[in-house]
Amino acid sequence: MMQLRKDETCLFARMNGSLTIYEVAEFQKQITEYWPVDDELVIDLSDVSEIDTAGLQWLLALRKSLGEKLVLKNHSNPVIELLDLYQVASVFGDVIVLSEH
């Protein structure tokens, strides 16, 4: 599930649950409908409980097409683990905060 909110300069997307092959097409459709191309896209990943390579490929494709206009924040543990597994955290250039737990 994804919750979307717009302001004057950004589209905020909060991802909840899974970010897998089963959700990616729907998420892309929702973002395309709501997002003005010139605005920044901020994706909150704090509630992502599962992510697969399709979810990662979608995030990488967004980074490639949007560049610095894509901001990922509040990475959940499953997201951090997958970014680490594929060694692509540096591609996004976002701050990843590791919890003490």
Side-chain angles (χ1 to χ4, degrees):
M1 186 170 102
M2 179 171 48
Q3 301 166 348
L4 295 171
R5 177 176 54 86
K6 268 194 328 190
D7 69 12
E8 296 83 34
T9 61
C10 293
L11 174 63
F12 296 94
R14 184 177 180 118
M15 312 300 277
N16 297 300
S18 297
L19 178 53
T20 67
I21 192 169
Y22 303 106
E23 293 84 24
V24 168
E26 180 61 30
F27 290 162
Q28 181 63 35
K29 179 181 173 190
Q30 289 176 7
I31 285 176
T32 302
E33 290 175 3
Y34 287 95
W35 182 64
V37 176
D38 294 333
D39 289 352
E40 186 175 69
L41 174 59
V42 179
I43 300 178
D44 183 333
L45 300 166
S46 61
D47 292 326
V48 173
S49 59
E50 178 184 14
I51 183 171
D52 65 5
T53 54
L56 178 59
Q57 288 173 329
W58 179 63
L59 294 175
L60 288 167
L62 285 173
R63 171 57 86 194
K64 184 175 181 180
S65 66
L66 303 177
E68 296 297 316
K69 290 182 182 180
L70 174 67
V71 176
L72 304 179
K73 65 180 207 169
N74 302 326
H75 304 69
S76 69
N77 284 336
V79 173
I80 292 170
E81 290 171 7
L82 194 66
L83 293 175
D84 186 49
L85 177 66
Y86 287 98
Q87 300 177 3
V88 294
S90 63
V91 171
F92 296 99
D94 298 308
V95 175
I96 297 177
V97 179
L98 300 174
S99 71
E100 294 181 22
H101 303 286

(request) Look up atom OG1 in Thr20 and atom CG in Leu56, then write down how far apart they are to the nearest 0.5 Å. (result) 13.0 Å

(message) Nearest 0.5 Å, please: how far is CG in Leu60 from CG in Leu83?
(response) 8.0 Å

(message) I'd like to know whether CD of Glu33 has more than 12 heavy-atom contacts from other residues, nucleotides or ligands below 6.0 angstrom.
(response) yes

(request) Name all pairs fulfilling the side chain to side chain donor-acceptor pair (under 3.5 Å) condition that reach into residues 54-64, sequence neighbours left out, sorted by first residue then second. (result) Gln28-Trp58

(request) Run through the side-chain heavy atoms of Ile, Leu, Val, Met, Phe, Trp and Tyr, join any pair under 4.5 Å, and report what else lands in Met1's cluster. (result) none

(request) Enter the distance from Tyr22:OH to Glu50:CD here, rounded to the nearest 0.5 Å. (result) 9.0 Å

(message) Please say yes or no: joined through hydrophobic side-chain contacts below 4.5 Å, possibly via intermediate residues, are Val71 and Phe92 part of one cluster?
(response) no

(message) For Ser49 versus Pro78, what's the shortest heavy-atom pair and its separation?
(response) O-CG, 3.4 Å

(message) Rounded at 0.5 Å granularity, tell me how far CD in Glu26 sits from CE in Met2.
(response) 7.5 Å

(request) State, to 0.1 Å, how close Lys69 and Asp39 come at their nearest heavy-atom pair, and which atoms those are. (result) CD-O, 4.0 Å

(request) Decide yes or no for Val79 and Leu72: does some side-chain heavy atom of the first lie under 4.5 Å from some side-chain heavy atom of the second? (result) no

(message) Taking atom CD1 as the centre, does Ile21 end up with more than 12 heavy-atom neighbours from other residues, nucleotides or ligands that are less than 6.0 angstrom away?
(response) no

(message) Checking the side chain of Ser46 only, and the main-chain atoms of Asn74 only, is there a donor and an acceptor separated by less than 3.5 Å?
(response) no

(request) Can you sort out the partners of Thr53 under side-chain hydrogen bond (donor to acceptor under 3.5 Å, both in side chains), two or more places apart, ordered by chain and number? (result) none

(message) Is there a continuous path of hydrophobic side-chain contacts, each under 4.5 Å between heavy atoms, that joins Phe12 to Leu4?
(response) no

(message) Is there a continuous path of hydrophobic side-chain contacts, each under 4.5 Å between heavy atoms, that joins Leu62 to Val42?
(response) no

(message) Ignoring hydrogens, what is the shortest heavy-atom contact between Ser76 and Val48? Give both atom names and the distance.
(response) OG-O, 2.7 Å

(message) Using 0.5 Å steps for rounding, measure from the OG atom of Ser18 to the CG atom of Asp52.
(response) 8.5 Å

(request) Please name the pair of heavy atoms, one in Glu68 and one in Glu40, separated by the smallest distance, quoted to 0.1 Å. (result) O-OE2, 4.3 Å

(request) Check each of Ile51, Ile43, Leu45 against His75 using the side-chain contact (heavy atoms from CB on, under 4.5 Å) test, and report the only one that passes. (result) Leu45

(request) Find out whether Asp44 and Gln3 are in side-chain contact, i.e. whether some heavy atom of one side chain is under 4.5 Å from a heavy atom of the other. (result) no

(message) Are Met15 and Ile31 connected into the same hydrophobic cluster when the rule is that any two of I, L, V, M, F, W, Y join if their side-chain heavy atoms are below 4.5 Å apart?
(response) yes

